[in-house]
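See structure below.
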Amino acid sequence: MRYSQYFLPTSADTPSDAVVISHKLMLRAGMIRKLAAGIYTYMPFALRTIHKISNILREELNRAGAIELLMPAVQPAELWQESGRWSQYGPELLRFKDRKDGDFCFGPTHEEVITALVRSEIRSYRNLPVNLYQIQTKFRDEIRPRFGLMRGREFIMKDGYSFDADEAGAMVTYWKMYEAYRRIFHRCGLKFRPVEADTGNIGGSLSHEFQVLAESGEDALLNCGSCDYAANVEKASERNDAAAPDPAGFLPVETVDTPGMGRIEEVSAFLQRPPEQFIKMLVCLADGTPVAVLVRGDHELNPVKLKGLLGADAVEMADDAMVLSAAGAPAGFVGPIGLKGNLRLLADHAVRGVLNGVCGANQADKHRIHVNPGRDFQAEYADLRMARAGGRCPKCEGGVLEAHRGIEVGHVFYLGLKYSRAMKAQFLDAAGKENPFVMGCYGIGVTRTMAAAIEQNHDAHGVIWPMPIAPFHVILCPINPKKDEEAGRAADALYGELTQAGVEVLHDDRGERAGSMFADADLLGVPIRVAIGARGLKDGIVEIKRRNEAEPARVPLKEAARVVQDMIRQDLEKYA
RNA sequence: CGGGGCGUAGCGCAGCCUGGUAGCGCGCCUGCCUUGGGCGCAGGAAGCCGUCGGUUCAAAUCCGGCCGCCCCGACCA
């Protein structure tokens, strides 16, 4: 591609409303332009990367036995009413009416459409499993779109859905997709990590997110330094083996005055006892019903775990008035001893290990000391706390958890029967009996992957594309070609030669000064830059520089095409 | 949806408090000059000051409504 014939407007300065680096660089590099909040035009340069990512997706998914189709973006409300999500989904679902006043939405996801399709087409176990995917524009009316393509409203997504005859088959499919995802992100040239994820409102037990590792990532991850355990903090656990202490050490409970001290730090300082010795009681509302939850004083409740345990749609902290009415004591002084009978009491595993602990006394300005779980109260124990870096790995002996940040670019999800049951999508098994399909769903944010690639691969000057998803392999920079005809001729010849060989070349024939050209080359992040100028040509030399290296290689002009092709091949093989 | 902020030339911003001729840098156009890391000089085009209304002799500036956008929070495959 000749730059002078292309549509690639770059800019030296950053629009003020961009916060994250991928957004800034994509604007400066002429990759995207905003049309409305969270809605962007993908400019030609960006579209090339979108196509490259899409093609890697197709190759790997097809290899794994999935089949591409394309469903409508606009969906009728009836389907969503069948699954129950028309009322559940909330304002994030963009709804509208057609001219006949019928309700429709712009699809944020396609479980309903695909389930209806498979329901009407597949009757027999003989035709299972099927695994279908599409690459399509989605719309989610995000509460707060931000960070450019990282959290847009309109975005391109690969979404896939599998249908199996039984759970065992669905598991096979699930892990096949998991492996395909590993290959996909590896082939994109990204540093990533699959992590265990919360299954959210869908329930079920099996879900993994594929996280591109980047400091700017919105998701906090924990992984074991010794084994392959890795999870989103929402899901992550620490080892839960706190043993109940020996009752021989139990001291009698006492009530002490703690005037005005409702916070752990205050009471801890006042009583000279460390927060680990505290039993913190929180009152939460699970779909409106109060429950009491105990965590150790130095721990945090993980609301996602609580929500999952209770099977609730929403969990929130009770306000002070609710605490008072549910527990009978002011917030800050509630405790597990002598609770109102009907209040359910849950506790994190770590609470079991507290010996002679401190907790609220269920009356204002008083705490109890020498409180011992088991002797002084009974609770339902579960994993309810936030895991932390430095915590012990739940999976291996001796491993310690480390913290990272990531950008969620893919998600594989075991759905089970949720949609097939709700929508009566059934097949006949070998015994002639009707069964609901066992489903899985698998998403990859294509445009988000592009943004994540930039978040992970950039420097002060611009993007540094991994070769497999770079919009071009090479950028050709003839120095002063209008004056120096030899440079111009050599560049044109090399351009022709490389293009013939199938190399994707951006030929910067704009006649810009060297400084501007190099600055743009760095900004655009094309992996290989070839500079052709009088300085080298007098010795028959051109300079070939990788974007991620500081020094160029000086290569005879005659060999330039071959050297460039070798470099590209090397890079691509690394990610094959 | 709660809190905060911003809308002035394509982009980044000043001007607003204290009402009276709309300005700077970048970019763009012309010419000369220069040419290996965003050259220099000279000339030029370009703005219904988001929008509607109010106050005033006079509004970018003061007041109110609306719209849009951004940031923080809650939410989210």
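What you see is a predicted model, and the numbers here were worked out from it, not measured in a lab.
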| message | Taking the P atom in each of B:rA60 and B:rG23, what is the distance between them to the nearest angstrom? | response |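 Looking at atom P only, B:rA60 and B:rG23 are 14 Å apart.
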Watson-Crick or G-U wobble partner of [N], both distances under 3.5 Å:
| N | value |
| --- | --- |
| B:rC11 | B:rG25 |
| B:rU34 | none |
| B:rC57 | B:rG20 |
| B:rG2 | B:rC72 |

| Considering only side-chain heavy atoms of A:Arg448, which listed nucleotide, B:rA74, B:rC70, B:rA77, is closest? |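 Ranking B:rA74, B:rC70, B:rA77 by closest atom to the A:Arg448 side chain puts B:rA77 first.
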| Selection from B:rG12, B:rG73, B:rC70 that lies nearest to any side-chain heavy atom of A:Arg144 |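 Comparing B:rG12, B:rG73, B:rC70 against the side chain of A:Arg144, the answer is B:rG73.
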Only distances under 3.5 Å count here; give the side-chain donor-acceptor pairs of residues 405-413 of chain A to other protein atoms, sequence neighbours excluded, each with its distance to 0.1 Å.
unit_1	atom_1	unit_2	atom_2	d
A:Arg405	NE	A:Gly217	O	2.8
A:Arg405	NH2	A:Gly217	O	3.3
A:Arg405	NH2	A:Glu218	O	3.3
A:Glu408	OE2	A:His411	ND1	3.0
A:His411	NE2	A:Ser207	OG	2.5

| message | Before we go on, tell me: are the rings of A:Tyr174 and A:Tyr414 under 6.0 Å apart, centre to centre? | response |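 No.
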| task | For each nucleotide in nucleotides 30-41 of chain B, reading 5' to 3', give B when a protein heavy atom comes within less than 4.0 Å of its base, S when such contact involves only the sugar-phosphate, and - otherwise. | result | ----BBBBBB--
| field | A:Asp459 side chain to A:Gly462 backbone, donor-acceptor under 3.5 Å | value |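 Between the backbone of A:Gly462 and the side chain of A:Asp459 there is a qualifying donor-acceptor contact (under 3.5 Å).
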Base, sugar-phosphate or nothing for [X]? Non-hydrogen atoms, less than 4.0 Å.
| X | result |
| --- | --- |
| A:Thr109 | nothing |
| A:Glu209 | nothing |
| A:Phe210 | nothing |

Show me the donor-acceptor pairs, under 3.5 Å and distance only, between side chains in residues 15-24 of chain A and residues at least two apart or in other chains.
unit_1	atom_1	unit_2	atom_2	d
A:Ser22	OG	A:Glu455	OE2	2.7
A:His23	ND1	A:Gly148	N	3.4
A:His23	NE2	A:Tyr40	OH	3.4

Kindly write out the residues that satisfy ring pair (Phe, Tyr, Trp, His ring centres under 6.0 Å) with [X], not counting sequence neighbours, or none if the list is empty.
| X | value |
| --- | --- |
| A:Tyr161 | none |
| A:Trp80 | A:Tyr89 |
| A:Phe518 | none |

| message | When you measure from the side-chain N and O atoms of A:Ser16 to the phosphate of B:rC13, is any distance below 4.0 Å, counting only OP1 and OP2? | response |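 Checking B:rC13 against A:Ser16, a side-chain N or O does come within under 4.0 Å of OP1 or OP2.
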